[in-house]
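As structure tokens, the structure follows; a few thoughts come after it.
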Amino acid sequence: MILGSTGSIGEQALDVIRRHPDRFEVVALGTGRNAERLAEQAAEFGVEYTGLGVDAAVQLARDVDADVVLNGITGSVGLAPTIAALEAGRTLALANKESLIVGGDLVKRLAKPGQIVPVDSEHSALAQALRSGAHEEVRRLVLTASGGPFRGRTRDELHGVTPQQALAHPTWDMGRVITTNSATLVNKGLEVIEAHLLFDIPYEQIDIVVHPQSIVHSMVEFIDGSTIAQASPPDMRLPIALGLAWPERLSNIGVPIDWTKPATWEFEPVDNEAFPALNLAKQVGAAKGTFPAVFNAANEEAVDAFHDGKITFTGIVDAVREVVDRHDAPSELTLDTLAEAERWARAEAHRLFAA
Ligand SMILES: NC(=O)C1=CN([C@@H]2O[C@H](COP(=O)(O)OP(=O)(O)OC[C@H]3O[C@@H](n4cnc5c(N)ncnc54)[C@H](OP(=O)(O)O)[C@@H]3O)[C@@H](O)[C@H]2O)C=CC1
Ligand SMILES: CC(=O)[C@@H](O)[C@H](O)COP(=O)(O)O
Ligand SMILES: [Mn+2]
């Protein structure tokens with residue numbers, strides 16, 4: 001089952017399935033509003049169950065018998081389908097990182113060991129590298145970041161950048177929200193929280209390194225000083241195929257690295273002054289509870305406001321920080337307190353944009 005089938009992840013997942021018609025059967029497709037493309041996909045793959053909107057996604061995840069649900073919806077709206085898939089006992093191939101980050105311990109408590117298979121490229125890389133050793137042998141996780149289209153710029157140089165420039169990702173072709181998040185490094189901040197939740201590694205043992213080529217997708221350092229890296233040219237079909245077939249590897253998915261050509265792979269530290277999102281994300285991740293949900297909700301609203309010309313590029317993370325700073329966390333994390341915190345964060349962000 002593919003949720004978010006008309007998006008970047010969804011279309012690439014269908015391409016993986018096109019290459020392995022005997023391995024997969026698509027039993028359901030869900031998407032937001034694009035009914036025309038959904039109908040074309042359903043016709044091509046002979047899919048009986050389809051639906052538009054998040055309520056339909058929840059119903060599909062809960063009621064249609066599927067071995068694997070790929071959640072490729074964008075944004076925290078993906079939380080309810082994630083919960084539905086986990087409650088129904090299905091394997092969840094998770095591209096929608098927001099649902100894990102926002103749901104935090106609520107989602108973790110629902111998931112049985114191995115029930116969530118990461119699709120995000122860094123976390124797929126980590127899952128692959130972690131096959132090399134036991135949990136207690138891991139010293140740290142090192143996530144790679146492309147650095148986005150504004151790598152190397154100072155904070156002052158980031159003020160006037162345009163939405164069009166922010167959407168020109170150097171290495172990946174993705175949806176609008178995640179591409180903007182890559183430009184601010186909010187994406188990498190979300191991914192640190194995602195790694196912590198998926199692999200139970202403390203924040204102090206998760207590092208980020210900028211790697212502009214996006215060929216090394218992440219690394220695990222072990223206690224004996226060995227580092228295992230996963231490398232492949234940037235193509236989401238590889239982690240998507242692993243997400244669908246885990247732990248099996250499928251043939252005819254990615255093009256391997258061409259070792260006959262000279263190549264340079266660079267690694268450099270993050271400029272935390274120009275890109276303050278990463279440290280802010282680590283703070284909200286460590287604060288737990290409703291803080292990651294507030295961070296994400298404020299960011300979703302700020303990304304829209306930036307694209308609507310209401311705030312500047314650097315205004316995105318400034319707004320997120322202000323909303324996070326004003327958040328008065330409830331004493332308990334429940335679906336109700338979570339929903340209320342998200343509503344509050346979105347309203348608070350809009351108050352800031354209007355000021
Ligand atoms: N693209 C990539 O390479 C990567 C993406 N991810 C993550 O995967 C997720 C999807 O990203 P991406 O594919 O780029 O995003 P896109 O914007 O390309 O696609 C989003 C999909 O979600 C659907 N959708 C949006 N709102 C709803 C809703 N309310 N109910 C049901 N479906 C909805 C859209 O439907 P419609 O088209 O009808 O609006 C579309 O099919 C995100 O969480 C992202 O962070 C992670 C790693 C890499
Ligand atoms: C492909 C993928 O997994 C994205 O999340 C990617 O990592 C974005 O690139 P950045 O490293 O620029 O955030
Ligand atoms: Mn990623």
Side-chain angles (χ1 to χ4, degrees), residues 2-14 29-39 41 50-61 70-82 84 93-102 118-126 143-151 166-192 194-195 198 208-218 230 232-240 243 270 275 277-278 281 296 299-300 303:
I2 301 176
L3 305 177
S5 64
T6 57
S8 160
I9 288 289
E11 290 285 3
Q12 292 179 89
L14 289 172
L29 294 169
T31 197
R33 285 181 299 204
N34 192 346
E36 199 182 329
R37 182 69 193 127
L38 182 67
Q41 293 174 337
T50 62
L52 293 174
V54 70
D55 292 343
V58 169
Q59 205 179 340
L60 292 172
L70 170 62
N71 188 347
I73 295 172
T74 201
S76 70
V77 70
L79 175 61
T82 278
L94 188 66
N96 177 259
K97 64 192 92 181
E98 297 93 333
S99 56
L100 175 63
I101 292 157
V102 164
V119 169
D120 207 350
S121 63
E122 296 76 5
H123 306 75
S124 175
L126 292 169
L143 276 75
T144 52
S146 76
F150 305 131
R151 183 176 63 87
L167 290 179
H169 197 282
T171 49
W172 297 99
D173 184 9
M174 311 179 287
R176 188 182 80 147
V177 177
I178 184 173
T179 306
T180 313
N181 289 349
S182 289
T184 55
L185 261 70
V186 163
N187 183 50
K188 214 47 59 179
L190 293 174
E191 291 185 347
V192 170
E194 183 185 7
L198 280 171
I208 304 292
V209 64
V210 174
H211 166 52
Q213 290 76 26
S214 300
I215 292 175
V216 173
H217 298 295
S218 280
Q230 187 267 324
S232 50
D235 182 345
M236 277 306 291
R237 281 173 294 207
L238 196 153
I240 290 169
V270 176
F275 298 98
L278 201 49
N296 180 72
N299 180 64
E300 286 183 11
V303 167

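Numbering of ligands and ligand atoms starts at 1, following listing order. Just so you know, these numbers come straight off a predicted model, no measurement behind them.
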(request) Provide the closest heavy-atom pair for T171 versus S146 in the form atom of the first, atom of the second, distance. (result) OG1-CB, 3.9 Å

(message) Out of all atoms in ligand 1, which are within 4.0 Å of some heavy atom of G53? Include the element for each.
(response) 30 (N), 31 (C)

(request) Quick one: look up the protein heavy atom nearest atom 13 (O) of ligand 2 and list residue, atom name and how far away it is. (result) N187 ND2, 2.8 Å

(message) How long is the straight-line distance from OG1 of T82 back to CG of N71, given to the nearest 0.5 Å?
(response) 4.0 Å

(message) Ignoring hydrogens, what is the shortest heavy-atom contact between L70 and A13? Give both atom names and the distance.
(response) CD2-CB, 3.3 Å

(message) Please list, in number order, the atoms of ligand 2 under 4.0 Å from a heavy atom of I178.
(response) 4 (C), 5 (O)

(message) For E122, run the side chain to side chain donor-acceptor pair (under 3.5 Å) check against H217, Q230, K188 and tell me which one passes.
(response) K188

(request) Could you find the nearest protein heavy atom to atom 3 (O) of ligand 2 and give me its residue, atom name and distance? (result) S121 OG, 2.6 Å

(message) When you compare ligand 1 with M174, is there at least one nitrogen or oxygen pair between them that comes in under 3.5 angstrom?
(response) no

(request) Could you see which bit of I178 sits under 4.0 Å from ligand 1, with heavy atoms only: side chain, backbone, both or neither? (result) side chain

(request) Check each atom of ligand 2 against the heavy atoms of D120 and keep those under 4.0 Å away; list them by number with element. (result) 2 (C), 3 (O), 5 (O)

(message) Quick check on contacts: which atoms of ligand 2 are under 4.0 angstrom from a heavy atom of K97?
(response) 5 (O)

(request) Return the residue, atom name and 0.1 Å-rounded distance of the protein heavy atom closest to atom 13 (O) of ligand 1. (result) I9 N, 2.9 Å

(request) With rounding to the nearest 0.5 Å, note down the distance linking CG in L38 to OG1 in T50. (result) 5.0 Å

(request) Considering heavy atoms of the protein only, find what lies nearest to atom 47 (C) of ligand 1 and give residue, atom and distance to 0.1 Å. (result) D120 OD1, 3.2 Å

(request) Could you list the residues that satisfy salt bridge (Lys or Arg N to Asp or Glu O under 4.0 Å) with R237, not counting sequence neighbours? (result) D15, D235

(message) Test of understanding: given a 4.0 Å heavy-atom threshold, classify the contact between M236 and ligand 1 as side chain, backbone, both, or neither.
(response) side chain

(message) Suppose I only count heavy atoms of W172 and a 4.0 Å limit; which atoms of ligand 2 are within that range?
(response) 1 (C), 6 (C), 8 (C), 9 (O)

(request) May I ask you to identify the nearest protein heavy atom to atom 12 (O) of ligand 2, giving residue, atom name and distance to one decimal place in Å? (result) S146 OG, 2.5 Å

(request) Would you mind running through ligand 1 and noting each atom that sits below 4.0 Å from a heavy atom of E98? (result) 42 (C), 43 (O), 45 (O)

(request) Report yes or no: does a heavy atom of G30 sit under 4.0 Å from some atom of ligand 1? (result) no

(request) Look at atom 8 (C) of ligand 2 and say which protein heavy atom is nearest, naming residue and atom and giving the distance to 0.1 Å. (result) S182 OG, 3.3 Å

(message) What protein heavy atom lies closest to atom 17 (O) of ligand 1? Include the residue and the distance to one decimal.
(response) G175 CA, 3.9 Å

(request) Heavy atoms only: give me the nearest V102-S76 pair and the separation to one decimal. (result) CG2-CB, 3.9 Å

(message) At less than 4.0 angstrom from any non-hydrogen atom of M236, what atoms of ligand 2 do you find?
(response) 1 (C)

(message) Heavy-atom distances under 4.0 Å decide this one: backbone, side chain, both or neither, for E191 against ligand 2?
(response) side chain

(request) Taking only heavy atoms of N96 into account, list the atoms of ligand 1 that are under 4.0 Å away from them. (result) 43 (O)

(request) Could you tell me which N, O or S atom of E122 is nearest to the Mn ion (ligand 3)? (result) OE1

(request) Identify, for atom 7 (C) of ligand 1, the protein heavy atom at the shortest distance, and state residue, atom and that distance. (result) A95 O, 3.2 Å

(request) Would you check the N or O atoms of G4, main chain and side chain alike, for any that come under 3.5 Å of an N or O of ligand 1? (result) yes

(request) Check each heavy atom of N181 against ligand 2 and say whether those closer than 4.0 Å belong to the side chain, the backbone, both or neither. (result) neither

(message) Just verifying a value: how many Å separate T144 OG1 and E191 CD, rounded to the nearest 0.5 Å?
(response) 8.5 Å

(message) Which atom name does E191 have for its N/O/S atom nearest to the Mn ion (ligand 3)?
(response) OE2

(message) So if I count the atoms of ligand 2 from 1 in the order they appear, which ones are less than 4.0 Å from some heavy atom of A145?
(response) 11 (O)

(request) Could you tell me which non-hydrogen atom of G75 sits nearest to which non-hydrogen atom of E300, and how far apart they are? (result) CA-OE2, 3.2 Å

(message) Side chains of Q59 and D55 only: does a donor on one sit below 3.5 Å from an acceptor on the other?
(response) no

(request) Name the closest protein heavy atom to atom 18 (O) of ligand 1, giving the residue it belongs to and the distance to 0.1 Å. (result) S8 N, 2.9 Å

(message) Check contact between A57 and ligand 1, using heavy atoms of the residue and a distance below 4.0 angstrom.
(response) no

(request) Specify the closest pair of heavy atoms between S214 and W172, including all atoms of both residues, with the distance to one decimal. (result) OG-NE1, 3.5 Å

(message) Counting non-hydrogen protein atoms only, what is the nearest one to atom 4 (C) of ligand 2? Give residue, atom name and distance.
(response) M174 SD, 3.7 Å

(message) Working to the nearest 0.5 angstrom, can you tell me the gap between N187 CG and D120 CG?
(response) 6.5 Å

(request) Report the nearest protein non-hydrogen atom to atom 41 (O) of ligand 1: residue, atom name, distance rounded to 0.1 Å. (result) T6 OG1, 2.8 Å

(message) Tell me the protein heavy atom at minimum distance from atom 7 (O) of ligand 2, and give that distance in Å.
(response) E122 OE2, 2.3 Å

(message) Looking only at protein heavy atoms, which one is nearest to atom 21 (C) of ligand 1, and what is the separation?
(response) G72 O, 3.6 Å

(request) Would you kindly say whether S218 and H123 are connected by a side-chain donor-acceptor distance under 3.5 Å? (result) no

(request) Check whether any side-chain heavy atom of V210 lies under 4.5 Å from a side-chain heavy atom of R151, and answer yes or no. (result) yes

(message) If the cut-off is 4.0 Å to any non-hydrogen atom of R33, which atoms of ligand 1 fall inside it?
(response) 36 (P), 38 (O), 39 (O)

(request) Could you tell me which N, O or S atom of D120 is nearest to the Mn ion (ligand 3)? (result) OD1

(request) Using a 4.0 Å heavy-atom cut-off, say whether R37 meets ligand 1 through its side chain, its backbone, both or neither. (result) neither

(request) Please write down residue, atom name and distance for the protein heavy atom closest to atom 9 (C) of ligand 1. (result) I73 O, 3.3 Å

(request) Pull out every atom of ligand 2 sitting under 4.0 Å from any heavy atom of H169, numbered as shown with elements. (result) 9 (O), 10 (P), 12 (O)

